[in-house]
Amino acid sequence: MLKLRWINLGLRAFMELGIVLALGYWGFQVGGSREMKIILGIGAPLVGFGFWGWVDFRNAGSFAEPLRLIQELVISGLAAFALYVVGANGFALILAFASLLHHILVYVSGETLLKKSSIG
(Lines give C-alpha, C1' and ligand atoms only; values in the text may rest on other atoms or scores of the structure.)
Protein backbone atom coordinates (compact mmCIF):
# COMPACT_ATOMS: atom_id res chain seq x y z
CA MET A 1 0.00 0.00 0.00
CA LEU A 2 2.97 2.32 0.61
CA LYS A 3 4.01 1.98 -3.04
CA LEU A 4 0.49 3.00 -4.13
CA ARG A 5 0.70 6.06 -1.89
CA TRP A 6 3.99 7.14 -3.55
CA ILE A 7 2.58 6.56 -7.02
CA ASN A 8 -0.46 8.62 -6.13
CA LEU A 9 1.69 11.39 -4.66
CA GLY A 10 3.67 11.49 -7.90
CA LEU A 11 0.46 11.61 -9.94
CA ARG A 12 -0.84 14.47 -7.79
CA ALA A 13 2.39 16.44 -8.24
CA PHE A 14 2.29 15.77 -11.99
CA MET A 15 -1.37 16.82 -12.12
CA GLU A 16 -0.82 20.06 -10.21
CA LEU A 17 2.27 20.99 -12.22
CA GLY A 18 0.38 20.10 -15.39
CA ILE A 19 -2.48 22.40 -14.40
CA VAL A 20 -0.13 25.31 -13.78
CA LEU A 21 1.69 24.76 -17.07
CA ALA A 22 -1.53 24.17 -19.02
CA LEU A 23 -3.19 27.35 -17.80
CA GLY A 24 -0.01 29.35 -18.33
CA TYR A 25 0.49 27.93 -21.81
CA TRP A 26 -3.13 28.66 -22.70
CA GLY A 27 -2.79 32.24 -21.50
CA PHE A 28 0.39 32.74 -23.47
CA GLN A 29 -1.13 31.27 -26.64
CA VAL A 30 -4.39 33.25 -26.60
CA GLY A 31 -2.86 36.59 -25.65
CA GLY A 32 -2.61 38.87 -28.68
CA SER A 33 0.07 41.30 -27.69
CA ARG A 34 3.25 40.56 -25.77
CA GLU A 35 1.80 42.24 -22.67
CA MET A 36 -1.42 40.19 -22.84
CA LYS A 37 0.58 37.00 -23.30
CA ILE A 38 2.50 37.77 -20.11
CA ILE A 39 -0.60 38.85 -18.17
CA LEU A 40 -2.66 35.82 -19.21
CA GLY A 41 0.30 33.44 -18.99
CA ILE A 42 0.83 34.37 -15.34
CA GLY A 43 -2.74 35.35 -14.45
CA ALA A 44 -4.56 32.19 -15.57
CA PRO A 45 -2.62 29.84 -13.24
CA LEU A 46 -2.95 32.35 -10.40
CA VAL A 47 -6.71 32.54 -10.83
CA GLY A 48 -7.03 28.76 -11.13
CA PHE A 49 -5.00 27.98 -8.04
CA GLY A 50 -6.37 30.99 -6.22
CA PHE A 51 -9.86 29.56 -6.60
CA TRP A 52 -8.62 26.11 -5.64
CA GLY A 53 -7.04 27.39 -2.42
CA TRP A 54 -9.64 30.02 -1.59
CA VAL A 55 -12.62 27.68 -1.38
CA ASP A 56 -12.49 25.51 1.74
CA PHE A 57 -15.05 22.73 1.94
CA ARG A 58 -14.05 21.39 5.37
CA ASN A 59 -17.12 22.97 6.98
CA ALA A 60 -19.54 21.53 4.42
CA GLY A 61 -20.23 18.43 6.51
CA SER A 62 -20.96 15.28 4.57
CA PHE A 63 -20.78 17.21 1.29
CA ALA A 64 -17.17 18.30 1.86
CA GLU A 65 -15.44 15.40 0.12
CA PRO A 66 -17.74 15.25 -2.94
CA LEU A 67 -17.50 19.04 -3.36
CA ARG A 68 -13.70 18.91 -3.21
CA LEU A 69 -13.68 16.08 -5.76
CA ILE A 70 -15.90 18.09 -8.10
CA GLN A 71 -13.73 21.17 -7.63
CA GLU A 72 -10.52 19.30 -8.44
CA LEU A 73 -12.04 17.55 -11.46
CA VAL A 74 -13.40 20.83 -12.80
CA ILE A 75 -10.06 22.64 -12.43
CA SER A 76 -8.04 19.82 -13.97
CA GLY A 77 -10.70 19.41 -16.66
CA LEU A 78 -10.56 23.11 -17.50
CA ALA A 79 -6.77 22.91 -17.73
CA ALA A 80 -7.00 19.91 -20.07
CA PHE A 81 -9.64 21.72 -22.12
CA ALA A 82 -7.42 24.81 -22.28
CA LEU A 83 -4.66 22.66 -23.77
CA TYR A 84 -7.12 21.15 -26.23
CA VAL A 85 -8.31 24.62 -27.33
CA VAL A 86 -4.78 25.72 -28.21
CA GLY A 87 -4.05 22.50 -30.09
CA ALA A 88 -2.02 20.55 -27.53
CA ASN A 89 -4.38 17.57 -27.73
CA GLY A 90 -1.88 14.92 -26.64
CA PHE A 91 -0.91 16.85 -23.53
CA ALA A 92 -4.58 17.52 -22.79
CA LEU A 93 -5.28 13.80 -22.86
CA ILE A 94 -2.30 13.00 -20.62
CA LEU A 95 -3.36 15.63 -18.07
CA ALA A 96 -6.96 14.43 -18.04
CA PHE A 97 -5.84 10.79 -17.66
CA ALA A 98 -3.40 11.64 -14.83
CA SER A 99 -6.11 13.58 -13.00
CA LEU A 100 -8.67 10.80 -13.29
CA LEU A 101 -6.15 8.13 -12.28
CA HIS A 102 -5.04 10.17 -9.27
CA HIS A 103 -8.60 10.64 -8.04
CA ILE A 104 -9.44 6.97 -8.53
CA LEU A 105 -6.32 5.92 -6.61
CA VAL A 106 -7.18 8.28 -3.75
CA TYR A 107 -10.40 6.42 -3.07
CA VAL A 108 -9.13 2.92 -3.92
CA SER A 109 -6.39 3.36 -1.32
CA GLY A 110 -8.92 4.46 1.30
CA GLU A 111 -7.66 8.04 1.44
CA THR A 112 -9.60 11.28 1.09
CA LEU A 113 -8.85 14.53 -0.68
CA LEU A 114 -9.50 16.58 2.44
CA LYS A 115 -7.16 15.79 5.28
CA LYS A 116 -8.07 16.56 8.86
CA SER A 117 -6.50 19.81 9.98
CA SER A 118 -4.19 19.64 12.97
CA ILE A 119 -4.95 23.29 13.73
CA GLY A 120 -7.94 24.24 15.84
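Owing to the predicted nature of the structure, the values given are computational and were not obtained by experimental measurement.
- Atom CZ of F91 has 12 or fewer neighbouring heavy atoms from other residues, nucleotides or ligands inside a 6.0 Å radius.
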Exercise for review: Would you sort out whether L46 and L23 count as a side-chain contact (heavy atoms from CB on, under 4.5 Å), showing the intermediate values?
Suggested key: CA-CA 9 Å; L46 287 176; L23 293 175; over 6 Å; no
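- With rounding to the nearest 0.5 angstrom, the CD atom of E65 is 9.0 Å from the CZ atom of R68.
- Taking both residues in full, the closest heavy atoms of P45 and G41 are given as CD-O, 3.3 Å, listed atom of the first, atom of the second, then distance.
- L78 CG to L83 CG: the interatomic distance, rounded to the nearest 0.5 Å, is 11.5 Å.
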**Study point:** Stepwise side-chain contact (heavy atoms from CB on, under 4.5 Å) test for E111 and R5
**Key:** CA-CA 9 Å; E111 297 288 325; R5 181 174 271 168; 2.4 Å; yes
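- Under the side chain to side chain donor-acceptor pair (under 3.5 Å) criterion, the residue pairs touching residues 15-32 are R12-E16, with sequence neighbours excluded.
- Classification of the W52-F49 ring pair by plane angle, with boundaries at 30° and 60°, yields parallel.
- I42 contributes atom CD1, which lies 10.5 Å from atom CZ of F28 (distance to the nearest 0.5 angstrom).
- The NE2 atom of H103 sits 4.5 Å away from atom CE of M15, with the distance rounded to the nearest 0.5 Å.
- Between the side chain of S99 and the backbone N or O of L95, no donor-acceptor pair lies under 3.5 Å.
- Contact of the V30 side chain with the V86 side chain is registered, since non-hydrogen atoms from C-beta on lie closer than 4.5 Å.
- When hydrophobic clusters are built by joining Ile, Leu, Val, Met, Phe, Trp and Tyr residues whose side-chain heavy atoms come closer than 4.5 Å, directly or via intermediates, W54 is grouped together with I19.
- Although no hydrogens or angles enter the test, the distance criterion places no donor-acceptor pair under 3.5 Å between the side chain of H102 and the main chain of A98.
- With L11 as the fixed residue, the side-chain contact (heavy atoms from CB on, under 4.5 Å) test singles out one of L101, V106, I104: L101.
- Annotation: side chain of F14 is in contact with side chain of I94 (closest heavy-atom distance under 4.5 Å).
- For OH of Y107, the number of neighbouring non-hydrogen atoms (other residues, nucleotides, ligands) closer than 6.0 Å is greater than 12.
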